[in-house]
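Chain letters run A, B, ... following the sequence lines, proteins first, then strands; residues in each count from 1.
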Number of protein chains: 2
Amino acid sequence: MVSMVHNHLLFIKTIDNMPKNIPINSKRVTIKDLAKELNTTTSTVSRALHGHGTISEGMKSKVMELAKKRNFSINRYAANLRSGSSKTIGVIVPRINRDFFSNCIAGIEEVTKGAGYSIHIAQSHDILSNEKEIIKSMIESNVCAILISIGLQTTEKSHLDQLSYYGIPFVFFDRAISESSYNRVLIDDFKGGYLATKHLLDMGYKNIAHFSGDQNLEIYQNRTKGYLAALEHHGIPFNDELISKQCLTSDCGEMSIERMMNLPNPPDALFSSSDYSALGALLFLKNEGVKVPEEFGIVGFSNESFTSLVSPPMTTVDQHSIEIGKNAAFACINILKNTNKVNTTSNIVIEPSLIIRETSNRFKTKHNRPNDI
Amino acid sequence: MVSMVHNHLLFIKTIDNMPKNIPINSKRVTIKDLAKELNTTTSTVSRALHGHGTISEGMKSKVMELAKKRNFSINRYAANLRSGSSKTIGVIVPRINRDFFSNCIAGIEEVTKGAGYSIHIAQSHDILSNEKEIIKSMIESNVCAILISIGLQTTEKSHLDQLSYYGIPFVFFDRAISESSYNRVLIDDFKGGYLATKHLLDMGYKNIAHFSGDQNLEIYQNRTKGYLAALEHHGIPFNDELISKQCLTSDCGEMSIERMMNLPNPPDALFSSSDYSALGALLFLKNEGVKVPEEFGIVGFSNESFTSLVSPPMTTVDQHSIEIGKNAAFACINILKNTNKVNTTSNIVIEPSLIIRETSNRFKTKHNRPNDI
DNA sequence: TTTTATCATGCAAACGATTGTTTAAAATAA
DNA sequence: TTATTTTAAACAATCGTTTGCATGATAAAA
């Protein structure tokens with residue numbers, strides 16, 4: 001009987017469990033059992049199963065056959081305990097429901113699978129204590145490496161030092177600690193910010209606002225630097241009132257743009273380091289009757305799938321998320337392979353692309369077709 | 001040195017690894033080491049760490065302190081091997097980047113964490129072989145239970161029988177095998193389909209098309225049944241030409257609606273079992289100049305976050321995904337607790353809600369406010 | 001004081017695999 | 001035929017915990 005009652009719960013049916021056809025084996029078959037049945041030893045069975053050592057073809061096939069017949073499943077815990085290695089890579093992202101991160105994971109999966117590793121996915125929800133707990137748990141379960149995109153709160157790195165302490169290699173992707181002595185796969189955020197801002201200037205917008213994220217994270221710092229550099233190259237002084245630095249959500253985007261539009265000299269365009277806050281601004285402006293892109297230009301960042309669906313479709317910066325994931329996984333596997341050789345640190349930088357859609361295309365030039373789902 | 005070169009790769013910097021400040025311990029501290037240092041035995045240390053058995057407060061705190069000082073991290077593999085249980089629940093979903101599934105996972109995380117379990121997330125990408133591999137790997141790593149939403153290709157259930165064979169309990173959520181002898185947490189898809197269709201009829205639409213998914217999955221069957229029931233209650237005969245049964249993607253939605261609009265008696269509304277195919281239809285119709293909702297009504301299914309962002313915002317059916325996740329986790333933990341008692345199977349059904357937005361609201365009545373992100 | 005119960009800890013055997021070292025048998029060379 | 005190499009399989013230790021049972025010390029009951 002389930003006793004909890006939640007919202008929207010319609011009804012609970014509880015049926016007495018009819019005996020399943022499959023006999024429930026209380027005891028799992030082990031290589032010991034296989035060995036006994038074949039009148040041999042566990043070492044022979046183990047070697048036969050893995051093709052290690054010198055095993056006759058006859059024995060090998062006998063073992064394989066019996067393993068299948070007895071539905072043998074290896075006990076990873078025992079194997080790992082003895083061998084000391086797990087062939088499992090931990091993957092930590094702030095949240096799995098962002099297109100950017102789930103695409104990174106897709107890239108990681110592709111590469112790691114090909115190399116015979118399995119992955120463990122976990123999300124920190126941008127909360128430092130979660131991140132620490134996840135890392136602790138991954139150390140305990142002997143992952144052989146970790147791929148991580150750190151959370152917004154991650155200002156100290158004691159939990160990452162733990163990994164070094166235990167000799168577990170790790171590779172940052174996208175969101176990283178600002179030290180090039182770590183293995184990192186990054187995008188050129190400066191360039192992304194620069195391209196986006198330059199594009200708005202090229203489109204004739206004059207007074208460009210900017211939303212960014214926590215400046216603790218290098219990626220947001222760099223996007224902002226790119227924004228500032230583009231302004232400077234066009235000889236435009238930057239206005240601190242037009243910058244909102246902790247603005248990554250839709251709600252915050254709405255509030256920030258409202259404040260800015262009430263300034264004596266309101267902006268006529270926005271480059272946001274987040275598609276979500278750009279969306280908030282877009283929704284607010286539409287609601288206020290401000291015409292986008294005629295009166296106001298918007299460029300977001302990340303190419304979240306909704307950007308192609310909103311109206312008008314949003315110009316944004318694509319980060320080649322799948323490539324990032326692939327590269328991070330490649331770098332990681334490389335490290336694992338060369339673990340005894342000279343230790344080198346790799347910093348891989350991937351170039352972003354500007355996807356020009358409607359929110360910035362005031363002259364209705366044909367650029368790219370909006371991505372479809 | 002990283003050798004692969006990919007698209008968009010800008011440059012790779014390889015730095016000789018400067019010696020890290022943290023000494024890399026080749027050997028991890030074990031309870032044996034702690035025991036030796038305290039002149040006691042591993043059993044005492046183990047009991048002190050877990051609070052099991054009878055341990056003096058003095059010894060307990062001495063052990064705890066030293067464990068912290070020596071940066072002790074338990075070896076889960078050894079612990080699990082000995083104890084035979086893992087406190088880890090496997091979670092398998094078709095894809096993690098669907099709002100519906102990631103919300104389910106959020107609900108699962110909340111409940112399992114509270115109960116002291118950790119979870120392993122994996123995605124099948126709707127591919128049966130992946131699903132099988134994931135389950136195999138989870139059996140090997142001794143998960144104590146599995147929460148699963150099956151893939152579209154999952155017509156046979158031999159891999160699930162494997163779980164029964166090994167005595168690993170599992171709970172389906174949302175996408176399930178059509179047998180009530182399994183533990184399942186479902187939404188009332190029939191009701192969802194009925195509500196959606198009835199709403200369109202109430203809004204005065206007459207000729208309602210329907211997109212559905214693979215009829216192998218009960219959820220799509222039931223949504224279709226709800227659609228048919230609503231038509232019948234309104235005395236409207238159903239037209240087979242207005243039903244597209246393998247239509248879950250945006251592309252397919254576009255193609256299907258195009259075909260239907262060219263019929264002698266084209267539809268004036270659509271209830272789609274998927275927000276994605278509904279979106280395809282919406283984009284097509286907008287492009288063709290058909291006015292939504294004035295000339296054509298659309299209702300989707302799942303309340304994916306983009307549905308509130310498209311223009312016009314889309315009416316859809318919300319499945320209370322977080323609740324589904326929570327309930328699945330509760331059911332699972334319940335089973336684990338009662339593992340020795342009478343075995344009962346629970347079928348939990350959660351009621352969906354219709355979220356009325358613009359694509360169906362031809363009279364511009366105020367219903368609900370569109371959800372924001 | 002003796003007997004019994006309680007408590008804290010030690011002892012030693014698992015758990016199920018892997019793997020370095022031997023041994024036995026078969027194949028080859030002398 | 002004998003000596004040597006190669007091949008296949010057995011032996012046994014080990015990985016780091018947990019846990020049932022034994023032990024000794026102290027406290028409570030008789």
* Asked: Is there a side-chain hydrogen bond (donor to acceptor under 3.5 Å, both in side chains) between S43(A) and S46(A) once you walk through the steps?
  -> CA-CA 5 Å; S43(A) 42; S46(A) 171; over 6 Å; no
* Check: R82(A) side chain, dG20(C) base, donor-acceptor under 3.5 Å -> no
* What does T42(B) touch in the nucleic acid at a heavy-atom separation under 4.0 angstrom: a base, only the sugar-phosphate, or nothing? -> base
* Tell me, please, which residues at least two apart from Q162(A) pass side-chain hydrogen bond (donor to acceptor under 3.5 Å, both in side chains). => N71(B)
* Asked: Any side-chain N or O of T41(B) less than 4.0 Å from the OP1 or OP2 oxygen of dT9(C)?
  -> no
* Asked: Choosing from dT18(D), dA17(C), dG16(D), which nucleotide comes nearest the side chain of L81(A)?
  -> dG16(D)
* Just checking N142(A): base, sugar-phosphate only, or nothing, at a heavy-atom cut-off of under 4.0 Å? -> nothing
* So which nucleotide from dG16(C), dT19(D), dA8(C) ends up closest to the side chain of A78(A)? -> dG16(C)
* Could you go through the salt bridge (Lys or Arg N to Asp or Glu O under 4.0 Å) check for E140(B) and K136(B) one step at a time? => CA-CA 6 Å; E140(B) 288 176 353; K136(B) 179 163 169 283; 3.4 Å; yes
* **d(OH, Y166(B); P, dG16(C)) in whole Å** => 13 Å
* **Whole-Å gap separating P (dT17(D)) and CG (L49(B))** => 9 Å
* OP1, OP2 of dT9(C) versus side-chain N and O of S56(B): anything below 4.0 Å? -> yes
* Please determine, for the side chain of R47(A), which listed nucleotide (dT17(D), dT21(C), dA8(D)) has the closest atom? => dT21(C)
* On DNA chain C, check which nucleotide each of T44(B) and S43(A) is closest to and give me the residue with the more 5' one. => T44(B)
* To do: Give a yes/no on whether any side-chain N or O of S46(B) is located under 4.0 angstrom from OP1 or OP2 of dT19(D).
  => no
* D33(A) CG to dC15(C) P, straight-line distance once rounded to whole Å -> 10 Å
* Rounded to the nearest Å, what distance is computed from the CG atom of residue N80(A) to the C1' atom of nucleotide dG16(D)? -> 11 Å
* Asked: Are OP1 or OP2 of dT18(C) and a side-chain N or O of H50(A) less than 4.0 angstrom apart?
  -> yes
* Asked: How many Å lie between NE2 on H52(B) and C1' on dT18(D), as a whole number?
  -> 10 Å
* To do: Could you work out which one of dT18(D), dG10(C), dA8(D) sits closest to the side chain of A79(B)?
  => dT18(D)
* To do: Calculate the interatomic distance between K32(B) atom NZ and dG16(D) atom C1'; express it in whole Å.
  => 7 Å
* To do: Whole angstrom is fine here: how far is it from NZ in K60(A) over to P in dT7(D)?
  => 15 Å
* Asked: So, is the end of the R95(B) side chain (NZ or CZ) under 6.0 Å from the ring centre of F101(B) and within 45° of the ring's axis?
  -> no
* Report the distance from atom CD1 of I31(B) to atom C1' of dC15(C), rounded to the nearest whole Å. => 14 Å
* To do: Please tell me if the side chains of I92(A) and M138(A) come closer than 4.5 Å, counting only heavy atoms from C-beta onward.
  => yes
